[in-house]
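A quick write-up on the structure given underneath.
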Amino acid sequence: MSRGLTGPRAKKPVQVARITDACTGCGGVPVCQDHCPIAECMFWVTESGQTQVDAAQCIGCRRCLACPFEAIQFVPA
């Protein structure tokens with residue numbers, strides 16, 4: 001799970017992150033989570049082996065684009 005800021009976001013972002021089917025979950029240690037500045041925005045789902053994003057938490061900062069598999073897209077919020 002991502003760690004960082006825990007307060008409510010200041011404003012709704014224009015775009016939020018969405019994980020695609022290309023996500024491998026980086027073998028249980030998702031790189032994108034380390035770059036996310038918002039607590040509990042990104043989390044790894046053990047059943048699917050993929051990372052998921054809580055769109056209500058995402059601030060649209062694009063730091064998660066550090067994904068080595070290019071499995072993250074930004075979509076309108």
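No hydrogens, no waters, no symmetry mates; every other heavy atom, side chains included, goes into these values. No experiment lies behind these values; they were computed from the predicted model shown.
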**Ile19 side chain near Ile72 side chain, heavy-atom distance below 4.5 Å** = yes

**Prompt:** Are the side chain of Ser2 and the backbone of Ala39 linked by a donor-acceptor contact shorter than 3.5 Å?
**Reply:** no

**Request:** Drop me the distance from Ile38's CD1 to Arg9's CZ, to the nearest 0.5 angstrom.
**Result:** 9.5 Å

Considering only distance and modelled atom types, tabulate donor-acceptor pairs under 3.5 Å from the side chains of residues 52-68, sequence neighbours left out.
unit_1, atom_1, unit_2, atom_2, d
Asp54, OD1, Ala56, N, 3.0
Arg62, NH2, Gln15, OE1, 2.3

**Expected output: side-chain Gln50 to main-chain Cys23 donor-acceptor under 3.5 Å** = yes

**Request:** Could you work out the complete set of other residues in the hydrophobic cluster of Val14, with links drawn between I, L, V, M, F, W and Y side chains under 4.5 Å apart?
**Result:** none

**Item:** Phe69: hydrophobic cluster co-members (side-chain, 4.5 Å)
**Value:** none

Only distances under 3.5 Å count here; give the side-chain donor-acceptor pairs of residues 24-33 to other protein atoms, sequence neighbours excluded, each with its distance to 0.1 Å.
unit_1, atom_1, unit_2, atom_2, d
Thr24, OG1, Cys26, N, 3.2
Gln33, OE1, Met1, N, 2.9

**Asked** Hey, what else clusters with Val75 if you join Ile, Leu, Val, Met, Phe, Trp, Tyr whenever side-chain heavy atoms sit under 4.5 Å?
**Response** Val16

